[in-house]
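Everything on this sheet refers to the single structure shown next.
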Amino acid sequence: QVQLVESGGGLVEAGGSLRLSCAASGSIFSLNTMAWYRQGPEKQRELVAGISSAGSTNYADSVKGRFTISRDNAKNTVSLQMNSLKPEDTAVYYCYVVGTSTSYSSFFSIWGQGTQVTVSS
C-alpha cells in the first residue's frame, strides 16, 4: 500500500551533477530512516547515504564531500544531490524507506524500483 517512485537518473559526464528524488506515497503514518543504495555492474548493493527522522546523516566514504542527502517531510521525499560525479559512481540507485503505515500501524520497509545513473569519462 506504500509505494516509492524514483526520478532524476540519467547520463552525465564526469565532473557533472545529478539530483535523485524518491517520493513515498500511500498509507503512511510516519517515515523513519530514508536512504539511497546503489549497485554497480557485477557488484553487490551498497549503502550510499542515509538520513534519520531527526535529520542525522551518514555517507559511504567514497561519496563524502560530493553527495548530499536530504529529506522533505511535508512531501514524503528524500533526495540525493550528486556532485563531481565519477565513472565509478555508475550504478543503479535504489531508494529505501523505513516507516509506519496507517494500516493497523504496521511497520514497513520498501525499496524503490531503481534508477540508472551513468557517468561517462
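Side chains included, hydrogens not; waters and symmetry mates left out as well; all remaining heavy atoms used.
- For the residue pair S52 and R71, the shortest heavy atom distance occurs at O-NH1, 2.9 Å.
- Looking only at side-chain heavy atoms (C-beta outward), V117 and L18 come within less than 4.5 Å of each other.
- Of all heavy-atom pairs spanning L80 and V48, the tightest one is CD2-CG1, 4.2 Å.
- When the shell of 6.0 Å around OH of Y104 is examined, it contains 12 or fewer heavy atoms from other residues, nucleotides or ligands.
- Shortest non-hydrogen contact noted between F108 and S30 is CE2-O, 4.4 Å.
- The aromatic rings of Y96 and W111 sit tilted, their planes meeting at an angle between 30° and 60°.
- At a cut-off of 3.5 Å, with distance as the only test, no side-chain donor of N32 or S53 sits close to an acceptor on the other residue.
- By the criterion of side-chain heavy atoms lying less than 4.5 angstrom apart, applied directly or through intervening Ile, Leu, Val, Met, Phe, Trp or Tyr residues, Y37 is not grouped with V2; the two fall into different hydrophobic clusters.
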Given T100 and F107, is the side chain to side chain contact (heavy atoms under 4.5 Å, CB included) satisfied, shown in steps? CA-CA 5 Å; T100 302; F107 164 88; 5.5 Å; no
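- Among residues two or more places apart in sequence or in another chain, the salt bridge (Lys or Arg N to Asp or Glu O under 4.0 Å) test is passed with K64 by D61.
- Under a hydrophobic-cluster definition in which Ile, Leu, Val, Met, Phe, Trp and Tyr are linked whenever side-chain heavy atoms come within less than 4.5 Å, directly or via other members, Y93 and V63 are assigned to the same cluster.
- Residues N76 and I28 form a side-chain contact, since some pair of their non-hydrogen atoms from C-beta on lies under 4.5 Å apart.
- Screening I69, L4, L20 for a side chain to side chain contact (heavy atoms under 4.5 Å, CB included) with V78, the sole residue that qualifies is I69.
- Across P87 and A14, no two heavy atoms sit closer than the pair CD-CB, 4.2 Å.
- Looking at every heavy atom in both residues, A24 comes nearest to L31 through CB-CD1, 4.3 Å.
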Given side chain to side chain contact (heavy atoms under 4.5 Å, CB included), test T33 with V97 step by step and report yes or no. CA-CA 6 Å; T33 297; V97 174; over 6 Å; no
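- Under the 4.5 Å side-chain heavy-atom criterion for Ile, Leu, Val, Met, Phe, Trp and Tyr, V98 and Y59 are members of distinct hydrophobic clusters.
- Taking the ring centre of Y94 as origin, the terminal cationic atom of R38 falls outside the region bounded by 6.0 Å and 45° from the ring axis.
- Considering C95, S21, C22, S7 as possible partners of S79, the one that fulfils the side chain to side chain contact (heavy atoms under 4.5 Å, CB included) test is S21.
- R66 places no side-chain N or O within 3.5 Å of a backbone atom of Q81 that could act as its donor or acceptor partner.
- Rounding to the nearest 0.5 angstrom, the gap separating the CD atom in E88 from the NZ atom in K43 is 8.0 Å.
- Both L47 and V92 are part of a single hydrophobic cluster, where members link through side-chain heavy atoms under 4.5 Å apart.
- The structure places CD of Q116 at 7.0 Å from OG1 of T90, a figure rounded to the nearest 0.5 Å.
- Applying side-chain hydrogen bond (donor to acceptor under 3.5 Å, both in side chains) to Q1 and the options S106, S27, S25 leaves one that passes, S27.
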